[in-house]
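Being a predicted model, the structure only gives us computed values, none of them experimental. Heavy-atom basis, side chains included; hydrogens, waters and symmetry copies ignored. Note that the numbering runs from 1 along the sequence shown for the chain.
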Amino acid sequence: MKANYHTHTFRCRHAEGGDEAYVQEAIRGGFQLLGFADHVPWPFAGGYVSPIRMPMSELPYYIESVQELREKYAGQIDIRLGAECEYIPRYHDHLLRLRDMGMSYFILGAHYLDSEEDSPYVSRSCRADDGVRAYAEATAKAMRTGLFLYLAHPDLYMRHRCEDFNACCEEAADMLCQTALELNMPLEYNLGGLDEQLNGEGCGYPSDAFWRYARKWNNPVILGVDAHRPSMLSDLTLWNTARTYLHGLGYRIVDDLEPTAKS
């Protein structure tokens, strides 16, 4: 089965296209399951406004739109409602409320080690080894909450290091891979990062050094399109490139996943 759980919408301020366009392109691309996982809105204190995620006021419309599309395209494609989010202990209950509102899963995308209100983007701090250690420790702790379906772009810490994959980076990979295995949680190979690389816009992730090193753990891997435009779902160049690469390294690729366990 061809499934993608990592689809964004225009509400995050850095994606394009209407919600239905993503569904139509996913069908055209042969997907049987499409999960919407836009960047989760947080109830930020102090009036902070994020430039990279929907405000809380748009959340009901996001939920309503995806639920309507699920009904409209029933029998053609399985549409699921979720969110990509960090783990912020002070907002733990907020994620539980979102689940009560109909979100069936969360993807752990550890872009910030704490709230975006007062933390730097994680890959910038990971230029230093101390930042890499902090990322791995915080991410492993978040994984253990039981809230998340899988870990998105585990090699995010390489984004501003390119191929500077040293002993500290190996230790971080070991921590993340071991934790994922203990929890039976897949790791994501991120096609959004691959898209940037093929367009000459990035060099850090997916990190060849990370994936070659991590192969020894034999983690199951899931492809995440990380779609920020509808055509990423119908143009299968990224999908096929990633599958060929991962199969060449001997990884086992998984697809249909159970909804996030309650915690």
Donor-acceptor contact present, side-chain [X] to main-chain [Y], <3.5 Å:
X	Y	value
S104	L81	yes
Y112	P120	no
E25	V23	no
Y22	R229	yes
H14	C12	yes

Should the ring pair F44 and Y91 be called parallel, tilted or perpendicular, given that the plane angle runs from 0 to 90° and is split at 30 and 60?
perpendicular

If only side-chain N and O atoms count, and only distance matters, is there a donor-acceptor pair under 3.5 Å linking [Y] with [X]?
X	Y	value
Y205	E196	no
H153	E188	no
D174	W217	yes
E84	H8	yes
T7	N4	yes

Whether R80 engages the ring of Y5 as a cation-pi pair (distance to the six-membered ring centre under 6.0 angstrom, angle to the ring normal within 45°) should be assessed.
no

So that I can tick it off, tell me whether [Y] and [X] are bridged by a salt bridge, with the cut-off set at under 4.0 angstrom between side-chain N and carboxylate O.
X	Y	answer
E58	R53	no
D118	R90	yes
R133	D130	yes

Do you know which of S125, S123, S119 makes side chain to side chain contact (heavy atoms under 4.5 Å, CB included) with Y121?
S123

Does the gap between the ring centers of Y251 and Y245 come in under 6.0 Å?
no

Rounded at 0.5 Å granularity, tell me how far OG1 in T145 sits from CZ in F106.
10.0 Å

Please step through ring pair (Phe, Tyr, Trp, His ring centres under 6.0 Å) for the pair W239 and Y189, ending with a clear verdict.
CA-CA 10 Å; W239 186 270; Y189 189 84; over 10 Å; no

